[in-house]
Visitor: 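Dropping the structure in here first, questions after.
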Amino acid sequence: MDRTEIAALRDFVTVVKVLHFIDGVKAWNILSNLDFDWRLLHRKPAPAMASIVYLAERLASLACAVSFVVGLNVSSRINCQAWISISFLFPLVELELALVLIALRVIAIWGCSKSAILLTTMTLSMHSVVSIYLLTGVRAFWDPGPDYYKGCVMYTTRTHLLLMSIMTIIAYTILLVTMLIGLLRHGQARSSGIWTLLFQQGWIWFALAVVAEVPTLALVLANVNRSIHLLLQVPRVVIASLGTTAMFRVLYTYPKHQEAIIPINTLRISADTNTALGSTSHPFTGNDLQISVVTSTTVGCDDVSYQKRSEGLHL
């Protein structure tokens with residue numbers, strides 16, 4: 001065994017320690033928000049699309065943690081390739097769902113614009129293809145030890161990781177820019193209510209993306225060894241997942257009687273006023289909304305429009 005291989009095995013011990021720490025963070029996050037998840041799961045009527053994606057992301061996060069805990073602590077030989085294929089699938093699904101959660105927000109902000117739907121769909125599709133490509137390049141073998149490490153040792157090619165990091169950064173950028181432009185076009189992104197919250201969350205999400213992706217890409221570019229390449233791959237997914245789910249919870253529990261963006265599917269609108277009567281659900285949280293008075297210009301498409309509510313909104 002050459003010195004490069006020995007160094008990679010020694011560094012893999014560090015990767016395992018990082019993964020155990022990440023599993024602890026996941027467990028803490030899941031337990032601390034279990035009450036919210038339970039209430040959302042049993043909400044009547046059934047949860048909206050964004051809520052379903054949120055719950056699926058939480059489930060993928062739990063599955064990822066359990067898979068790594070089990071696979072990295074076995075004492076007898078297992079099929080390492082099967083284990084790593086399953087274990088890497090969960091964080092990739094988790095990251096994809098985090099992007100879907102942001103994409104749904106972008107689409108809602110743009111009033112279900114066909115252009116926004118097309119752009120987000122293409123972005124998510126390209127990211128999914130690259131994720132599948134990464135999954136096909138992940139490998140693992142059993143190291144009997146006992147000199148450096150005993151257990152499944154995972155690795156993949158630098159090309160796979162570079163492509164994944166670059167595609168993720170592109171996806172983040174497209175979704176963020178589209179979101180911010182959609183908010184700014186209303187002229188209220190920094191002045192009132194939920195518009196301000198969405199604007200601030202957009203920049204917070206961008207900061208999290210930079211923290212997650214830039215160091216990860218730098219490590220891959222440094223090309224130290226195959227273990228160091230993997231050091232931040234799972235942590236970057238966790239940062240994205242924790243960020244998007246936390247933003248969802250904040251938006252879901254946004255105080256009542258605040259200015260909001262409201263989808264109006266079926267309304268009775270007076271011919272000479274901007275008064276509208278009806279009911280619908282919040283575009284981001286799925287909460288029931290009862291609308292008694294709506295004012296301002298709509299900015300939507302087809303049978304779904306988005307308006308600024310002035311009063312009479314009940315979450």
Side-chain angles (χ1 to χ4, degrees), residues 29-30 32-61 94-113 116 120 124 172 175-186 188-209 239-264 279-291 299-300 304-309 313-315:
N29 182 259
I30 290 171
S32 61
N33 295 288
L34 191 59
D35 180 61
F36 175 88
D37 297 346
W38 183 260
R39 285 186 286 109
L40 185 63
L41 181 63
H42 290 82
R43 177 182 175 274
K44 300 296 182 180
M49 177 62 70
S51 300
I52 294 173
V53 173
Y54 166 85
L55 291 171
E57 185 178 351
R58 299 284 284 170
L59 185 60
S61 179
E94 187 179 356
L95 179 59
E96 197 67 31
L97 290 173
L99 293 175
V100 171
L101 206 56
I102 296 298
L104 290 175
R105 179 179 300 202
V106 171
I107 292 171
I109 289 171
W110 278 89
C112 289
S113 164
T120 54
L124 294 175
Y172 277 138
L175 293 177
L176 174 70
V177 171
T178 308
M179 180 196 303
L180 294 180
I181 292 175
L183 289 170
L184 290 171
R185 66 196 282 262
H186 294 293
Q188 305 175 63
R190 290 170 290 183
S191 61
S192 59
I194 202 170
W195 295 96
T196 302
L197 175 63
L198 291 171
F199 189 77
Q200 291 172 345
Q201 285 194 348
W203 284 111
I204 292 172
W205 181 59
F206 174 73
L208 290 175
I239 291 173
S241 177
L242 294 184
T244 54
T245 52
M247 290 192 299
F248 175 86
R249 287 190 294 271
V250 170
L251 196 58
Y252 191 93
T253 56
Y254 189 73
K256 297 179 181 181
H257 309 299
Q258 296 288 333
E259 188 174 33
I261 306 169
I262 307 167
I264 313 298
S279 63
T280 182
S281 60
H282 194 288
F284 307 116
T285 67
N287 286 348
D288 293 331
L289 305 176
Q290 299 298 323
I291 302 139
V299 283
V304 180
S305 60
Y306 289 74
Q307 298 181 315
K308 187 184 82 172
R309 184 260 304 149
L313 174 63
H314 305 284
L315 295 179

Visitor: Minimum heavy-atom separation for Gly182 and Ile109, please, with both atom names.
Guide: C-CG2, 3.6 Å

Visitor: Would you call the rings of His42 and Trp38 parallel, tilted or perpendicular, taking 30° and 60° as the class edges?
Guide: tilted

Visitor: To the closest 0.5 Å, what do you measure between OG1 (Thr244) and CZ (Arg249)?
Guide: 9.0 Å

Visitor: Indicate the atoms forming the closest heavy-atom contact of Leu176 with Phe206, along with that distance.
Guide: CD2-CD1, 3.0 Å

Visitor: Can you find a heavy atom in the side chain of Leu101 that is under 4.5 Å from one in the side chain of Arg105?
Guide: no

Visitor: Could you measure the distance from the CG atom of Asp37 to the OH atom of Tyr54? Nearest 0.5 Å is fine.
Guide: 3.5 Å

Visitor: Can you give me the closest heavy-atom contact between Leu40 and Ser51, atom names plus distance?
Guide: CD1-OG, 3.6 Å

Visitor: With a 3.5 Å cut-off and no angle check, do the side chains of Thr245 and Glu57 form a donor-acceptor pair?
Guide: no

Visitor: Taking side-chain hydrogen bond (donor to acceptor under 3.5 Å, both in side chains) as the test, write out the residues that go with Ser61, two or more places apart.
Guide: Lys26, Glu94

Visitor: Residues two or more places apart in sequence or in another chain: which of them pass side-chain contact (heavy atoms from CB on, under 4.5 Å) with Leu124?
Guide: Glu96, Leu99, Val100, Ala103

Visitor: Taking side-chain hydrogen bond (donor to acceptor under 3.5 Å, both in side chains) as the definition, give me every residue that meets it alongside Asn29, ordered by chain and number, with sequence neighbours left out.
Guide: Arg58

Visitor: Find the distance between CG (Leu242) and CE (Met247) and round it off to the nearest 0.5 Å.
Guide: 11.0 Å

Visitor: Are the side chains of Val53 and Leu104 in touch, meaning some heavy atoms are under 4.5 Å apart?
Guide: yes

Visitor: Describe, in one word, how the ring planes of Phe248 and Phe36 are oriented to each other, choosing from parallel (under 30°), tilted (30 to 60°) and perpendicular (over 60°).
Guide: perpendicular

Visitor: Minimum heavy-atom separation for Ala240 and Ala98, please, with both atom names.
Guide: O-CB, 4.2 Å

Visitor: Using the test side-chain contact (heavy atoms from CB on, under 4.5 Å), find all partners of Leu41 that sit at least two apart in sequence or belong to another chain.
Guide: Leu55

Visitor: Can you list the residues that meet the ring pair (Phe, Tyr, Trp, His ring centres under 6.0 Å) rule with Tyr172, with sequence neighbours excluded?
Guide: Trp205

Visitor: Going from CD1 on Ile107 to CG on Leu175, what distance comes out if it is rounded to the nearest 0.5 angstrom?
Guide: 9.5 Å

